[in-house]
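Counting starts at 1 for both ligands and their atoms, in listed order.
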Amino acid sequence: MATAENTELTDAFEEFYRNYYRNEIGELAQKYPTDQKSLWIDWQDLYRFDPDLADDFRNKPAQLQDYAEEALRLYDLPVDVKLGQAHVRVHNLPQSEDIRAIRHEHHGNLISVQGIVRKATDVRPKVTNAAFECQRCGTLTRIPQVAGDFQEPHECQGCERQGPFRLNMDQSEFVDAQKLRVQESPEGLRGGETPQAIDVSIEDDICGEVTAGDHVNVTGVLKLDQQGNDREKSPMFDLYMDGVDVSIEDQQFEDMDITDEDKKDIVELSNEDGLYEKMVGAIAPSIYGYDQEKLAMILQLFSGVTKHLPDESRIRGDLHMLMIGDPGTGKSQMLSYVENIAPRSVYTSGKGSSSAGLTAAAVRDDFGEGQQWTLEAGALVLADQGIAAIDELDKMNPDDRSAMHQALEQQEISINKAGINATLKSRCSLLGAANPKYGRFDQFEPIGEQIDLEPALISRFDLIFTVTDQPDEEEDANLADHIIQTNYAGELNTHREMNATSDYSEEEVANVTDEVAPTIEPELLRKYIAYAKRNCYPTMTEEAKESIRDFYVDLRAKGQDDDAPVPVTARKLEALVRLAEASARIRLSDTVEEEDSERVIQIVRSSMEDIGVDPETGEFDADVVETGTSKTQRDRIQNIKGIINDIESEYDEGAPIDVVVERAEEVGVDQSKAEHEIEQLKQKGEVYEPRTDHLRTT
Ligand code: ADP
Ligand code: MG
């Protein structure tokens, strides 16, 4: 239908192309159709050419798209090519919509949204024009596939009978198709809001370009899809987008606006005395104590520098930290506080709330058409370039356990399942909390044995703290005062807010509240962190290098005796460097000074005292961390096995347990320890019980 308006619009696009996209079209003509199938148009260019035309494109993209593509087909090309099926893809709209704010008014409009790809199906061919071959007369009946469901012919175009038909693949037309679920980015959410998502269908050349976990900006047309099925239709509709363009946005904190005013405040704060104490005071002020842990959390928020080496490998800058502790000691509270401070963060429990769990999964659910495999991102992928705060880490499922090693060290998660081979990025810091295996800590057993995480995983944490809840009169009194004061401040505040005629003066309230308020406003701290991470890439001074080196070498020297345990492994060395860089970033410094290395050596020492020491000798022992068994304990196990070996031949039915325990006591192993180790030997299959309470070695 060539009306005047139609020709006018096609002409307008042709003129636009000539003025703005001559070179791009020339390039497309060279590459079409193997290497390029689309002409990308910046909406802002269209606006500069003709604001009305650009606005029309946003309001009725479906019609305008046709004219734009028609104009492209009519364009006078320098080479002899036809751009028959080329797409015009308009992107870079002036603003993007919040996913949660999309309403039916947007129906049919070209909009853009920002978010993270939560799910992505694999790319599969979809029929766009189906050729049905009549089994009676052989005539082909072509049915264009437009709407959601598969359309079959009512009758044959040749013999007019109702088939039967066979789909002729060679004569049908297909296009690659993929479906994505784009979810609001974690940094846009405050106070534990549940993220909302929108599904996006994409076709042809833009398929397979993004995967779960990618941060994207999607431009597309908002569509409605009726709920319910064929027999029972619902009056309710779902929203989805027909994607025109999907671009990856790999910038950190793109949403964080830092004004010049903010910058002034940040630099001022960085020069204040007692900055580090202030930082500690800014973390979970309602929780008493834990200065070391809070400093560690601050270091984690700032994180070290991700280093790129000339051989193209990288060393992670993100710090992983684990708190293992007795119940009711404030771990969860601290975790959720960090979640609120971190510019980008995800908080979840080890059990995971989605089918993707903590890492990622290939799942088969009704998201894809039919039973298509879908790649779904879990917490560590969604927290890419941020912090994943994971409570009850010990409760994570077995699939996550195995993927976790790779996620923490390589900061990637590979999925190889059902034909999906994907590597997802998980460049995040993990802040984990866990309970001891038996609920509470036993101070006299190695930590490694008391947590339900395998040693190889534990050793990937840069810092591990144990939190024990032991009665201590002075500490208990302080803690009680603190908690009561915090609650009292809350009472006063609420009382004044709810009571117009409150007897408490504003001053009174302010005095009490100030004592338990964070030393830095959370909003400022959040910007401070984003600013530091964006602008500071500190390098080590000679002094800093030397003190880290000396600390490490000294510790290792303690392990040179044949008998002495290996005190630390090289992993700790990288941890020290990362921590020192984070420490420098806190004061926005470009260099890592000795004060930084000393600060982190102290915190590493304290973390090692918590976990890396052999609890029986007080010596540092890497084996406690790396294998879960201390050297003393290993020796003891060998001793007990030796005893069983020595005496089993004296008895027909194997060595009686009571005799073994007796002998063990003679060499200084007390009864409960001996019984414990016997149990361990049995579990490992190194001894067995031929008869109750009798042992034999295998
Ligand atoms: P966990 O996760 O370690 O089991 P929670 O974070 O759930 O413990 O804390 C339980 C409660 O005890 C919280 O209300 C918390 O405020 C309080 N609490 C525990 N330890 C402290 C502390 N050191 N200072 C202030 N409150 C604390
Ligand atoms: Mg808890």
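- Put simply, atom 11 (C) of ligand 1 has no protein non-hydrogen atoms near it, under 4.0 Å away.
- Coordination check, Asn435 versus the Mg ion (ligand 2): failed, since every N/O/S atom of the residue sits at 2.8 Å or beyond.
- Looking at Val467 against ligand 1, nothing comes within 4.0 Å, counting heavy atoms.
- Close approach of ligand 1 to Ile287 (heavy-atom distance below 4.0 Å) involves ligand atoms 16 (O), 22 (C), 23 (N), 24 (N), 25 (C), 26 (N), 27 (C).
- Considering backbone and side-chain N/O atoms, Tyr288 comes within less than 3.5 Å of an N/O atom of ligand 1.
- The pair Glu184-Arg100 meets the salt-bridge criterion, since a charged nitrogen lies less than 4.0 angstrom from a carboxylate oxygen.
- Annotation for Glu521: atom CD does not count as buried by contact number, only 12 or fewer foreign heavy atoms lying within 6.0 Å.
- Checked by atom type and distance alone, the side chain of Asp462 never pairs as donor or acceptor with a backbone atom of Leu319 at under 3.5 Å.
- Taken to the nearest 0.5 Å, the CG atom of Asn511 stands 6.5 Å off from the CD atom of Glu507.
- Note: no N/O pair closer than 3.5 Å links Ile483 and ligand 1 by distance alone.
- With respect to the salt-bridge test (charged N to carboxylate O, under 4.0 angstrom), the residues Asp394 and Lys437 do not qualify.
- Contact between Gly289 and ligand 1 is absent, with no heavy atom of the residue lying under 4.0 Å from the ligand.
- Note that atom 17 (C) of ligand 1 has no protein non-hydrogen atoms nearby, at separations under 4.0 angstrom.
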* Run the numbers on Gln671 and Glu675 for side-chain hydrogen bond (donor to acceptor under 3.5 Å, both in side chains), then give the verdict. => CA-CA 6 Å; Gln671 185 181 342; Glu675 280 167 356; 3.2 Å; yes

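- For Asp391, no nitrogen or oxygen atom sits less than 3.5 Å from a nitrogen or oxygen atom of ligand 1, counting backbone and side chain alike.
- Scanning the protein for heavy atoms near atom 14 (O) of ligand 1, the closest one is Gln333 NE2, 4.0 Å.
- Atom 22 (C) of ligand 1 has as its closest protein heavy atom Leu479 CD1, 3.3 Å.
- Looking at atom 7 (O) of ligand 1, its nearest protein heavy atom turns out to be Ser332 CB, 4.0 Å.
- Using a 4.0 Å cut-off to heavy atoms of Tyr290, the atoms of ligand 1 that qualify are 23 (N).
- Shown are Lys307, Gln410, Gln411; of these, the side chain to side chain contact (heavy atoms under 4.5 Å, CB included) with Arg314 is made only by Gln411.
- On a distance-only criterion, Lys331 and ligand 1 share at least one N/O pair closer than 3.5 Å.
- Between Asp596 and Arg587 there is a salt bridge, since at least one side-chain N of the basic residue sits less than 4.0 Å from a carboxylate O of the acidic one.
- Distances below 4.0 Å separate heavy atoms of Pro327 from the following atoms of ligand 1: 4 (O).
- Closest to atom 25 (C) of ligand 1 by heavy atom, among Gly328, Ser286, Gly330, is Ser286.
- With 3.5 Å as the limit, one finds no donor-acceptor pair spanning the side chains of Ser426 and Asp384.
- Counting heavy atoms from C-beta outward, Thr306 and Arg316 have side chains that stay 4.5 Å or more apart.
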